[in-house]
Amino acid sequence: MMRTHSCGELRASDAGSEVRLAGWVHHRRDHGKIIFLDLRDASGTVQVVVHPDVGVDAESVQREYCVSIGGTVEKRKPGTENANLPTGEIEITARSLEVLSPSETPPFIVEDGVDVDDVTRLKYRYIDLRRPEMQHALRLRAKVVGEIRSYLDARGFTEIETPILFKSTPEGARDFLVPSRLQRGSFYALPQSPQMLKQILMVGGMERYYQIARCFRDEDLRADRQLEHTQLDLEMSFVEQEDVLQLLEGLFIHLWRECVGVDVEQPFPRIPYAEAIRRFGTDHVDLRYGMELADLNEVFSETSLGIFRSVITSGGTIRGFAVPGAGELNHAQLKRLEHAAMDRGAKGLAWVILRDGGEVDSPLAKHLSERERNGIASATDGKPGDLILMMADKAEVVNPILGALRMELAKERGLIPDGAWKFCWIVDYPFFVWNPDEDKWDPIHHPFTMPVGGGETLDGDPAAVRASAYDLVLNGLELLSGSIRIHRPDIQRKVFDALGISPEDAEERFGFFLEAFRYGPPPHGGIGCGIDRVMMQMLGTENIRDVVAFPKTQSGVDPLSGAPTPVDPDQLKILGLRPLPS
RNA sequence: GCCCACGUGGAGCAGCCUGGAGUGCUCGUCACCCUGUCAAGGUGAAGGUCGCCGGAUCGAAGCCGGUCGUGGGCGCCA
């Protein structure tokens with residue numbers, strides 16, 4: 001037997017036990033005669049004492065050596081306990097020590113919170129993964145996935161794998177392509193998501209499907225984006241939107257109870273898309289703090305300011321919000337806010353600082369009537385000492401920019417309460433968004449989303465059509481999105497029509513899919529949920545690399561293996577490929 | 001494709017603006033000392049073509065240009 005106990009589990013109650021432990025030498029403290037070793041395994045660390053007279057060679061043992069130690073658990077002498085260690089009341093008096101394998105000096109120390117360059121960490125990921133932080137992240141991730149499985153299995157779901165080698169369906173993100181050896185000149189694509197396959201599973205009568213699915217997108221990376229990410233992919237037959245929302249709400253309540261130890265507030269609020277935009281400027285609603293956007297058109301209906309007046313008469317909007325306590329900001333800081341707004345496309349950013357007695361500081365002060373000063377304060381719920389930020393422009397410009405500033409300022413000024421978990425559903429999405437660049441209507445979800453009310457609504461104003469789509473948002477981050485799908489070929493045709501997808505286009509791209517839908521597809525709907533994002537939220541990290549065992553750098557390189565690498569010309573030849581001169 | 005920042009012994013940084021011998025800090029490594037430490041302590045030592053290429057200069061880690069790498073962002077991600 002390699003070991004009788006784990007390092008981290010030993011307590012004072014184990015005193016007197018003969019134990020055999022195995023793990024890594026976390027640290028050695030050599031006092032000349034007596035030597036202390038901190039022995040670490042997955043469960044934690046424990047102190048090993050090597051006395052000079054037992055014939056155990058602890059001097060040649062170094063950091064990160066993998067060793068096996070036999071000895072006795074003993075209560076530490078009074079005054080030598082370590083309250084910082086769960087095992088701090090005891091120590092192991094070593095009687096034998098075997099080096100299982102030696103270690104070179106590690107490039108960095110195995111310790112939480114150490115500041116090491118990301119490439120170094122990724123190159124020596126096996127060292128990095130020894131850190132308790134990383135171990136916790138990966139274990140929690142496994143627990144989350146496990147809880148998802150048990151929750152869904154208990155509710156009649158079947159976990160089904162779908163192919164990694166699939167068909168390219170251009171549109172959306174760039175596909176990763178895999179050349180076919182057997183069909184020279186043809187390519188598989190790695191799935192961006194199993195969307196069509198899971199719908200076909202519904203046609204196949206599986207009724208309740210889920211999968212922890214890897215999804216691939218060949219797009220540029222970000223702090224929260226890798227080339228591949230993991231999605232909880234789920235689809236159910238014979239359901240309406242309400243059924244899906246209930247199931248998923250239950251899942252997240254379950255996950256937070258089991259994996260975070262928190263009972264989150266329920267039911268999750270449902271916020272219609274239009275209301276989300278109106279109150280927060282975005283559908284990634286963060287309900288942890290106030291600072292909601294207010295409409296100021298009424299306040300400025302008789303304004304003497306030319307800019308505001310012309311925005312109102314041209315059908316634009318004046319909106320603003322209060323930043324609690326931000327009246328202390330100096331001119332340079334306010335200027336920076338204005339720049340931040342203008343970088344995002346604002347023409348300007350007006351600011352008003354509320355003072356006692358209805359007075360204000362503002363570049364606009366002399367243009368503001370008493371009615372306007374009071375109106376601004378009451379509309380934004382601003383108090384003396386608060387900063388009011390205002391923008392006048394088209395609603396599509398004002399809302400997202402103010403929404404972004406609201407989020408930034410809340411974060412910057414510490415207005416976000418710790419430990420708050422604010423889930424909400426965003427519902428009643430519009431079906432189309434106008435794409436001014438290409439002068440056409442784009443679907444806000446994917447083109448298989450059911451329009452509310454079926455196909456007839458598509459004959460009217462595209463802007464008025466609702467989608468049976470829904471997002472789950474947590475603390476301002478989208479965790480999942482889904483929809484009820486189109487199961488009727490006639491409606492699907494009308495949607496393709498409205499999106500400018502010709503029958504020939506549709507046939508070429510989705511022919512196999514549309515054919516399946518000629519054979520009695522059931523009404524169905526589902527979701528895709530970013531597991532990496534869920535983990536980032538649970539662990540409170542902003543970097544996806546913290547929740548993935550072997551991530552890639554921003555340029556798509558894996559420093560551990562060096563991938564991607566050139567391949568042998570023979571391999572290319574077999575595939576019928578020849579690289580272009582660069 | 002674009003913008004910003006960074007690149008200095010094994011790790012993390014300072015030095016650069018204002019050019020004058022690779023100077024410094026924390027940790028690690030090695031040697032010696034040390035029987036109660038837990039970030040052990042003490043003494044000493046080794047270890048760096050300042051990412052790479054080029055330029056101006058008597059002289060470059062430092063200034064200028066380029067390039068590569070990394071991080072963050074924009075575009076992109078239905």
Side-chain angles (χ1 to χ4, degrees), chain A residues 26-40 45-54 58-59 62-64 74 76-85 87-91 93 104-124 127-128 169-175 192-193 195-196 215-229 340 343-345 404 408 431-433 435 437-438 440-449 467 469 478 481 483 495 499 501 509-510 528 530 542-543 545 552-557 559:
Chain A
H26 189 62
H27 219 65
R28 187 187 67 187
R29 291 177 294 280
D30 185 342
H31 286 243
K33 298 279 191 326
I34 190 170
I35 295 174
F36 298 97
L37 300 176
D38 291 336
L39 188 66
R40 184 193 70 239
T45 64
V46 67
Q47 173 165 285
V48 175
V49 193
V50 182
H51 289 287
D53 48 355
V54 292
E59 277 184 45
Q62 298 178 34
R63 215 179 269 271
E64 299 309 316
E74 287 180 24
R76 293 199 193 185
K77 293 189 180 74
T80 66
E81 301 93 343
N82 186 347
N84 300 322
L85 273 180
T87 59
E89 283 183 47
I90 53 100
E91 61 194 5
T93 303
E104 291 187 15
T105 302
F108 51 87
I109 302 176
V110 177
E111 200 88 84
D112 280 348
V114 288
D115 182 22
V116 182
D117 181 65
D118 263 354
V119 182
T120 311
R121 284 178 60 192
L122 295 183
K123 180 168 180 199
Y124 300 96
I127 305 289
D128 197 36
T169 55
E171 190 170 2
R174 202 173 294 116
D175 279 328
Q192 296 181 25
S193 82
Q195 182 62 36
M196 281 185 268
C215 304
F216 305 86
R217 291 175 185 183
D218 189 6
E219 297 291 348
D220 290 352
L221 292 84
R222 286 287 187 283
D224 61 348
R225 260 165 34 195
Q226 284 272 307
L227 298 175
E228 44 189 307
H229 71 279
D343 285 347
R344 293 183 163 86
E408 263 177 37
F431 196 87
F432 298 106
V433 284
N435 179 343
D437 296 333
E438 294 180 44
K440 66 184 179 77
W441 291 97
D442 286 340
I444 202 156
H445 212 56
H446 54 64
F448 313 124
T449 301
E478 177 197 313
S481 79
S483 63
V495 168
L499 295 174
I501 299 175
R509 267 154 48 187
F510 320 120
E542 308 231 309
N543 201 309
R545 292 189 293 266
K552 294 176 179 57
T553 67
Q554 195 166 43
S555 51
V557 169

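- For A:T105, no side-chain nitrogen or oxygen approaches OP1 or OP2 of B:G10 to under 4.0 Å.
- For the P atom pair drawn from B:C53 and B:G41, the interatomic distance equals 40 Å after rounding to whole Å.
- Taking a cutoff of 4.0 Å between a charged side-chain nitrogen and a carboxylate oxygen, A:D220 and A:R225 do not qualify as a salt bridge.
- With P as the reference atom, B:G7 and B:C27 are 22 Å apart, rounded to whole Å.
- Applying the 4.0 Å criterion to OP1 and OP2 of B:C30, one finds that A:Q62 has a side-chain N or O inside that range.
- The side chain of A:R545 contributes an N or O atom lying less than 4.0 Å from OP1 or OP2 of B:G72.
- The phosphate of B:C38 (OP1 or OP2) has no side-chain N or O of A:T80 nearer than 4.0 angstrom.
- Contact annotation for A:N82: base contact, defined as any heavy-atom pair under 4.0 Å involving a base atom.
- Not one side-chain nitrogen or oxygen of A:R28 sits closer than 4.0 Å to the OP1 or OP2 atom of B:U37.
- Look at A:N543 and you'll find a side-chain N or O under 4.0 angstrom from OP1 or OP2 of B:G72.
- Looking at heavy-atom distances under 4.0 Å, A:R509 makes no contact with the nucleic acid at all.
- Checked for salt-bridge contact, A:R28 and A:E64 miss the test: no charged N lies under 4.0 Å from a carboxylate O.
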